[in-house]
Amino acid sequence: MKQATLQLAPPADYDLARDVCSYGYFLLAPNHWDHESRVLWRVFALADGPVLAEIAQPKGAGGKLRVRTSRSLLREGKDELVGQVTRMLRLDESAEMLAAFHRLDPRFKKCGRGRLFRSPTLFEDVIKTVTSCNVQWPGTITMNQRLCEVVGAKVRLGGVTAHAFPSAKQLAKVSAGTLRGRCRVGYRDKRIVELARLFSMPVKRGGIDQAMLQDPATSDDVLFRTLVDLPGIGPYAAANIMQLLGRYGRLPLDTESVRHGRTMLGLKGSSAQVMKKVHAHFAPMGDQAFRSYWFEMWTFYESKHGPAWTWERSTTGRLFTAAHLNK
DNA sequence: GGTAGACCTGGACGC
DNA sequence: GCGTCCAGGTCTACC
């Protein structure tokens, strides 16, 4: 089958290894980071079918990204793929936008940290967030792997089968029992199906208004209230989805944050008290609070396990959190 | 508005 | 190898 090769010009400071390996979702299926070749590959679900794509930043290419696909693409398919890659890699966050963060928190100016890896679609980000709630990280890895293998579209290439992340339409048709029994999502089963229905339904029939959620004109408060109204989304998940939407003013604090507050910031008190103190600690960062908090924690993980781009999903990628360090 | 308990799974631990 | 306990965020019932 004829392949396609696309060239993308990212922001001038873009570093694929650094900026992909910046948030745990790069370790979740269907994403595969090859730390030896420093290449990211995954199956993308496009309107005309799934396609396997490999993203690299070859030396000597002036920083440009090379995207190779497993099959040829029509113009519409190329545009759709570029849109999804741009969202996933946050290529629309310019060096100037990062400079605003670095002015507030100069600790990350030299290393250039600032972009956070996310998913090609908002729906995938929402489901990944739900699978990260009330479960330890290895459980999240398993759920995403199985969701892809059981429900996601397949691409066969050279005797190997790879899977896409399920679309909202696909997940809306799956029974809760299948999700629980085969994907091991537990009590999240009905909530995931309900979310998938809301995402696949037209807005005028009560579906989720994705344009509104992704519109910069929508206020943080409206966004938060809309998200916490969704099934399976509480305050933590809503704040996390907000950072995935580029709203960095709220902190999705969980037990990992409490550990960080106690061990790294020296905060004392009950979990609830430590969480309040962590909020207060990062409040001066205003609309950049999450990036300051996150990269402080990410730097701590890297100090224990080496640069994130060297992590493998099956080893360090399962055990990098502070919860495991404590053990 | 605040709190307690159920919801599930997988891993750790004790026997 | 088996049973028990625990971590984890959301949701609901109750005060």
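Every chain is numbered from 1 and lettered A, B, ... according to where its sequence line falls, protein lines coming before strand lines.
- Looking at the side chain of A:Arg180, the nearest of the listed nucleotides C:dA7, C:dG9, B:dT9 is B:dT9.
- A sub-4.0 Å separation between OP1 or OP2 of C:dT10 and a side-chain N or O of A:Arg191 is absent.
- The interatomic distance linking A:Asp189 (CG) with B:dT9 (C1') rounds to 12 Å, in whole Å.
- Distances shorter than 4.0 Å separate none of the side-chain N or O atoms of A:Arg188 from OP1 or OP2 on C:dC11.
- With rounding to whole Å, A:Lys190 atom NZ is found 19 Å from C:dT10 atom P.
- The side chain of A:Arg184 places no N or O atom within less than 4.0 Å of a non-bridging phosphate oxygen (OP1 or OP2) of B:dC8.
- Comparing B:dG10, C:dT10, C:dG9 by their nearest atom to the side chain of A:Asn134 picks out C:dG9.
- Counting non-hydrogen atoms under 4.0 angstrom, A:Gly232 reaches the backbone sugars and phosphates but no base.
- With B:dG10, C:dT10, C:dA7 as the choices, the nucleotide that has an atom nearest any side-chain atom of A:Gln136 turns out to be C:dA7.
- The shortest distance between the side-chain N/O atoms of A:Thr255 and the OP1/OP2 oxygens of C:dA7 is not below 4.0 Å.
- Between A:Glu256 and A:Arg259, at least one side-chain N (NZ, or NE/NH1/NH2) sits under 4.0 Å from a carboxylate O, which counts as a salt bridge.
- Annotation: cation-pi pair A:Arg18/A:Trp309 absent, no NZ/CZ under 6.0 Å from the ring centroid and within 45° of its normal.
- The listed nucleotides are C:dG9, B:dG10, C:dG8; the one nearest the side chain of A:Arg259 is C:dG8.
- We find the CG-NE2 distance between A:Leu52 and A:His32 to be 9.0 Å, quoted to the nearest 0.5 Å.
- Classification of A:Asp220 and A:Arg225 as a salt-bridged pair fails, no side-chain N sitting under 4.0 Å from a carboxylate O.
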